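Ligands are counted one by one from 1 in listed order, and the atoms in each one are counted from 1 as well. Worth saying up front: this structure is predicted, and the values here are computed from it rather than measured.
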Amino acid sequence: MKKNKSKILSLDNFIDYALYDKKKGYYIKKNPFGKNGDFITAPNISILFSEMISIWLVSYWNHLNQPKKIDIIELGAGNGALMKGIINSLKNFPNFYNSCNFLIYEKSKTLIDIQKKNISSQKISWKKKLEFKKKNPIIFIANEFFDALPIKHLTKIKTNWYEKYVEILQNKGKFRQKKIDVKKYKKDLFSEIIKKQKFIEYSPLSLKYLRDIGKIINTNDGGLLLFDYGYSENKFKDTLQAIQNHKYANILDNIGNRDITYNLNFYFLKKFIQSLKKLKSIYINQRSFLLNMGIMQRAEIISKKLQFSKKADLFYRVGRLIDEDKMGSLFKVMFVTKKNNSFKVGF
Ligand SMILES: C[S@@+](CC[C@H](N)C(=O)[O-])C[C@H]1O[C@@H](n2cnc3c(N)ncnc32)[C@H](O)[C@@H]1O
């Protein structure tokens, strides 16, 4: 962008610029994960998170009658901790492990390099497009992927709808509004949603991914296991936020140096998946999912061999994943699959 020249972008284009611009984008420039980064994600808190997903994968593969070939693809793999943990855990289940082909779909070249350094396996490759020639089942895993996708804000004032824009001048932004014809957004927002809401926060790109993944699940079989923070109310909330150094920050300052994120509306996502006809979804909070998958039993087994300080650390980390006031209830786990699929393990 030229100096002193302002630029006006719709909120989703602004977020895309701030997070993924080839030169200035947050996820393109740096590794934001861990203590020295801006935030920490579940697979970086405890290996037990990846282990519980691995057990879920084995159970689902059994439910699908143990297909000889199956793809496990992670969407947006960050520093690769989850995929690394899954590959290592699944080595304990050789029949399943031998059937697996592991894939990562990642946008940031910087993070792809980090993932390649972190995961050493002959069985993994990186995919640029979500296109699959082979017809074996595919399981998509997404931890905090959807919350990293750009969103739009639409607001109704009296009888008119407005979309939020951001004017950028010298690395600082200002919110603007533009009047819109809300009917043009109908592909994503069915009329029932538009009629009931005065404010809508949604990600067109997320819905595009869900449509594409839905088609793949319908042809190949498999599913999507999604972990993200969000809420279940049928009213949209304004949850747009920026995070820097593990603290909330202003999204309009210091553009390209802060993560921008939001909370998913699971009520709306469930409705959207229902509208895709042949698909269904179920969801539960992260606490219940991890407890149902046996995280406490696993922690007990591991802790037997540990010294007291390590034992305390292990349970402290499990607590961060499942406690109601930490990630336990804010985070939800959603499973999307074919309508006739009855698999419910973990839910
Ligand atoms: C919040 S991070 C979550 C990382 C990881 N799943 C974890 O749990 O640590 C979001 C990830 O999604 C990636 N990402 C965002 N948008 C993407 C897109 N459109 N296509 C592929 N990857 C994307 C980011 O680069 C980053 O790796």
Side-chain angles (χ1 to χ4, degrees), residues 12-22 24-54 72-87 102-119 124-131 139-151 203-213 224-230 239 241-244 246 256 258-264 286 290 317 320-321 327 330-334:
D12 51 338
N13 286 336
F14 165 75
I15 296 173
D16 193 49
Y17 168 75
L19 298 184
Y20 304 109
D21 179 75
K22 282 195 179 99
K24 297 187 176 172
Y26 175 80
Y27 279 103
I28 306 301
K29 282 190 308 208
K30 67 181 266 180
N31 173 9
F33 303 93
K35 244 190 199 168
N36 300 323
D38 291 324
F39 55 85
I40 186 158
T41 56
N44 290 290
I45 291 176
S46 168
I47 184 66
L48 294 197
F49 183 76
S50 310
E51 286 191 359
M52 293 307 110
I53 295 180
S54 306
I72 311 291
I73 176 161
E74 185 179 357
L75 307 173
N79 61 4
L82 178 57
M83 191 46 111
K84 183 179 177 174
I86 289 176
I87 293 178
F102 301 102
L103 299 158
I104 285 181
Y105 175 72
E106 171 59 59
K107 182 167 177 161
S108 158
K109 286 209 177 76
T110 312
L111 290 178
I112 290 177
D113 288 342
I114 293 172
Q115 292 158 11
K116 286 188 174 164
K117 273 194 198 129
N118 235 344
I119 309 168
I124 188 158
S125 50
W126 276 257
K127 221 169 162 48
K128 291 213 166 88
K129 284 187 176 169
L130 291 183
E131 285 169 4
I139 305 176
F140 296 84
I141 298 174
N143 185 55
E144 292 203 42
F145 169 71
F146 285 95
D147 73 61
L149 301 180
I151 54 167
S203 161
L205 186 59
S206 292
L207 303 186
K208 185 189 175 314
Y209 277 127
L210 287 174
R211 272 191 211 99
D212 292 350
I213 290 169
L224 161 69
L225 188 67
L226 174 170
F227 298 75
D228 229 311
Y229 39 99
T239 66
Q241 53 194 264
I243 309 280
Q244 190 169 15
H246 300 263
R258 300 178 165 172
D259 185 29
I260 301 176
T261 177
Y262 79 110
N263 291 1
L264 275 60
Q286 179 165 294
L290 293 176
R317 285 167 183 274
R320 284 184 69 176
L321 296 177
M327 294 169 85
L330 184 58
F331 273 74
K332 313 276 185 290
V333 188
M334 184 178 237

Trainee: Suppose we screen for ring pair (Phe, Tyr, Trp, His ring centres under 6.0 Å). Which residues come up paired with Phe102, at least two apart in sequence or across chains?
Mentor: none
Trainee: List the residues meeting side chain to side chain donor-acceptor pair (under 3.5 Å) with Lys208, not counting sequence neighbours, and say none if there are none.
Mentor: Asp212
Trainee: Is the shortest heavy-atom distance from the side chain of Asn31 to the side chain of Thr110 under 4.5 Å?
Mentor: no
Trainee: Under 3.5 Å, N/O to N/O: give me all the pairs between ligand 1 and the protein, one per line with atom names and distance.
Mentor:
unit_1: ligand 1; atom_1: 6 (N); unit_2: Glu74; atom_2: OE2; d: 3.3
unit_1: ligand 1; atom_1: 6 (N); unit_2: Gly76; atom_2: O; d: 2.8
unit_1: ligand 1; atom_1: 6 (N); unit_2: Asn143; atom_2: O; d: 2.7
unit_1: ligand 1; atom_1: 8 (O); unit_2: Thr41; atom_2: OG1; d: 3.4
unit_1: ligand 1; atom_1: 8 (O); unit_2: Asn143; atom_2: ND2; d: 2.6
unit_1: ligand 1; atom_1: 9 (O); unit_2: Thr41; atom_2: OG1; d: 2.6
unit_1: ligand 1; atom_1: 16 (N); unit_2: Tyr20; atom_2: OH; d: 3.3
unit_1: ligand 1; atom_1: 19 (N); unit_2: Tyr209; atom_2: OH; d: 3.1
unit_1: ligand 1; atom_1: 22 (N); unit_2: Lys107; atom_2: N; d: 3.1
unit_1: ligand 1; atom_1: 25 (O); unit_2: Glu106; atom_2: OE2; d: 2.5
unit_1: ligand 1; atom_1: 27 (O); unit_2: Gly78; atom_2: N; d: 3.0
unit_1: ligand 1; atom_1: 27 (O); unit_2: Glu106; atom_2: OE1; d: 2.7
unit_1: ligand 1; atom_1: 27 (O); unit_2: Glu106; atom_2: OE2; d: 3.4

Trainee: Go through the structure and list residues passing side chain to side chain donor-acceptor pair (under 3.5 Å) with Glu51, not counting sequence neighbours.
Mentor: Arg298
Trainee: Establish, from distance only, whether the side-chain atoms of Tyr229 and Thr261 form a donor-acceptor pair under 3.5 Å.
Mentor: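 Note: Tyr229 and Thr261 side chains meet the donor-acceptor criterion.
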Trainee: Would you please classify the geometry between the Tyr20 ring and the Tyr27 ring as parallel, tilted or perpendicular, with 30° and 60° separating the classes?
Mentor: parallel
